[in-house]
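Side-chain atoms are counted along with the backbone in the values below, which use heavy atoms only and exclude waters and symmetry mates.
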Amino acid sequence: MSHPLNPPGRRRRRTLAVTATTLALGLALTACSGGGDSSSSSSGGGSDDTGAASGAPVELIYQSWVPNIDQAVDAFNAAHDDIEVTLETITAGPDGGYAKMLSAVQAGNPADVAQVGYDSLPDFMTAGALADITDHVGDAEGDFTAWQWQSGVFADRVHAVPQASGPVGQFYRKDVFDELGLAAPTTWDEYYAAAKAIRASSPDRYIAAFAYNQAPWLIALAQQSGAQWFTVEGDSWKVDLTDPDTQRMAEFWQRLVDEDLVKVEPDLSNEWYADLQAGNVVSWMSGSWAAAILEGNAPDTAGTWAAAEMPQWTAGEHVSASWGGGSANVVLQGSAHVAEAAEFALWLNSDPASVSILNSVGAGWPAVADHSAIESLQDDPDTFAFFGGQNIYDTFAVADANVDTSWKWPPLVSTLYSSLTDNVKASVDGGTPLVDAFAATEEDMVAALDAKGINVTS
Amino acid sequence: MTTTARTAAPAAARRSRTRHRGPLAVLVLPFTLFFVAFFVAPIVYAVVQSLFAVRSSGLGLGPPTRSFVGLGNYLQVLSSGDFVASLGRVLVFSAIEVPLMVGVSLTLALLLESGRARWPRLFRAVFFLPYGVPGVVASLLWGFLYVPSTSPILQGLDRLGLTVTPLASGSVLLSIANIALWSFAGYNMLILVASLQSISGDLYEAARLDGAGDLAIIRHITLPLLRPTVVLVTVFTIIGTLQLFVEPLVLRPLTSAISSTFTPNLAAYNAAFAGNDSNTAAAMAVVLALVAFVFSFGFLRLVNRKGNRAW
């Protein structure tokens, strides 16, 4: 009884303690792609290959988190005898998917093709994780929307094939708006008036959530107001989150929050889904792909929704913004089959049948320039029915054409996202001005870029 | 006779040890290999990583370079207000959770082992049950109960005119403490019960013969004999609370009160997995390990200050 502790117990607990502290690294180390030895999947089942005499097909691994994208991968495999792609479904990039890819690149055994958002492409360049695929896909430039193609071009070398963008529009409950005699707000002044009318109509009802957790949403609002947070001046980044355009946006939402006209709650949360289903939150400003989220999570409200462009700061304009830019497919540095990987990335995002699949599974607004051959954009009965028969793609075609394409994403975008949401959270939580949250984010970004050795001014 | 036996024993042991060196090595080898590979090596690797940094130049769009920065990451981490605040936060959390945990699990154990509890086996299992629920699931579950639009309890209270906001910044730590208590009190109770059962019945009988009541028995017999186990449970809890991670990670999307650097572990996780900066994350992890080390051994020193004093 004189020993204060039971030694084995203590040891085990301490093991646990220190193990946990090193867990992050351990995970990062083991996060390598788990070999492709079982890739002879059913998709290659039609084994009467007539002309593939050149031996076994090249095996590629493709990492993505787009739900149901396996349909497009299967279509590729069915159409190609010489390349066999295995889809590895991973966590969404910002939630750990990127960390997995970057660790694998460092360890020297990455997947061949991966899903990376436009906003994170500079981060991947900073990490030296993208293969130069100019020689393999450079000729296809004309097939894609110019600004989307450019988001993967660094120093005139192509490092990504664009897949889709997320032009932002308003999704709103047309039945509720109609009942109150409201049309979809076309200006922010109208939006404010609509918010007031909706708030007055029912004790639990709000026009929208103020989604303090959603950096891409906050950024889209600033972008649409005309802000340019990151610009290049010579060999240096200039960071500016205190410009008049960001300020007028922040002050506008400050007023809505202060007057209790928007519900301060995180979007895509249980709470928010419950409010959406109950009709307590009657609109959502989000990317075109969000239609699929609404359909999936509020099925009982089918037929009552409609889509419209974002409200404008100046009446009569059509200024839009994009949700986190969009999404691209890249060939990761270290892939043993860069040519084949680039071929796959290009086919996946330019073949009309494949793009049609991508559009209907909710990958986003297709990056290809010519939409006439994309079947699911012409007629998408389920989606149109959910929106009371409206062809919502007409709305997003206008939105996509009006995205400010000169917006630049900086390196360390994950720091931008976490700093912005932390600061906006703190502002909402502590009742300090929203404008200050953007100023604090500017400081954080300047400090973070500087600490990384990147040239920066504010 | 006894003296010769005593001096002979070590020599014999030494001889047999030499003889058994081969088989011993074989038996110890698997453990040693795995211990080194999955325990020592990652620690060493983390410490080494924490001394390096990956730097870019210019616009940061070219390949980065990795360089030795000595204690640079540590200076950066310790001069970051957010990280220091997160350390302070878990210390506050620890100050709330440790007494609560020890008190509750001790009370439950004493009640179950009082000899007067009804169906002690059943309740032991019931109290222990939450420990079997994985931390993530427990946090999700409580997350639903903490959000007004999904919580029947909060809705009921609201109808009674009581508005409770468990996830507001003033109460979120207590809400997390509640989840941790729910998950681990039964586990700690079980450790205490095991220890209680090893106390000889003769002692209780003797005390009772001497006229001691229930409370006096607890005070003078049970608690002193339980002391090592209580100390153990306390140290477990100190270390566990400093490493707070799963609960805030899961609750974060539900509230504006939990930032990405709410606890040191959460900060390290976000540095590594969102910020792709495993060097800074390693430095944070090492700092946290040192703090946990200081506090758990500090506590042990405190309670063992003068030999085997009661408390």
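For P64(B), the parts lying near chain A are the backbone and the side chain together; criterion is any non-hydrogen pair under 4.5 Å. Proximity to chain A is absent for every atom of F262(B), based on heavy atoms less than 4.5 angstrom apart. Looking at P122(A), both its backbone and its side chain come within 4.5 Å of chain B, counting heavy atoms on both sides. Heavy-atom distances place the side chain of T150(B), and not its backbone, under 4.5 Å from chain A.
What you find for P266(A) and Y212(A) is that their closest heavy atoms are CD-OH, 3.1 Å.
Ranked by heavy-atom pairs under 4.5 Å with chain A, the first of D277(B), L59(B), N276(B) is L59(B). Chain B forms more heavy-atom pairs under 4.5 Å with one residue of S269(A), A451(A), A426(A) than with any other, namely A451(A). Considering only heavy-atom pairs separated by less than 4.5 Å from chain B, the leading option among G234(A), G453(A), A129(A), S418(A) is G453(A). When the candidates V147(B), N270(B), T261(B), D82(B) are compared by the number of heavy-atom contacts under 4.5 Å with chain A, V147(B) comes out ahead. Chosen from V456(A), L412(A), I454(A), N423(A), the residue pairing most often with chain B at heavy-atom distances under 4.5 Å is I454(A). Among A168(B), P253(B), S149(B), the residue with the largest count of heavy-atom pairs under 4.5 Å with chain A is S149(B). Options A448(A), G93(A), A127(A), P410(A) differ in how many heavy-atom pairs under 4.5 Å they form with chain B, and the most are formed by A127(A).
Partners of W237(A) under the ring pair (Phe, Tyr, Trp, His ring centres under 6.0 Å) rule, at least two apart in sequence or in another chain, do not exist in this structure. Scanning for side chain to side chain donor-acceptor pair (under 3.5 Å) contacts around Y206(A) gives R199(A), D260(A), with sequence neighbours left out.
Side-chain contact check for K425(A) versus R252(B): some heavy-atom pair is nearer than 4.5 Å.
The aromatic rings of F35(B) and F31(B) lie parallel to each other, with less than 30° between the two planes, well short of the 60° mark. Aromatic ring pairs are classed by plane angle as parallel below 30°, tilted from 30° to 60° and perpendicular above 60°; the pair W253(A) and F210(A) is tilted.
S50(B) contributes no side-chain N or O that, together with a main-chain N or O of A282(B), makes up a donor-acceptor pair within less than 3.5 Å.
In this structure, F295(B) places its CZ atom where only 12 or fewer heavy-atom neighbours from other residues, nucleotides or ligands lie under 6.0 Å away.
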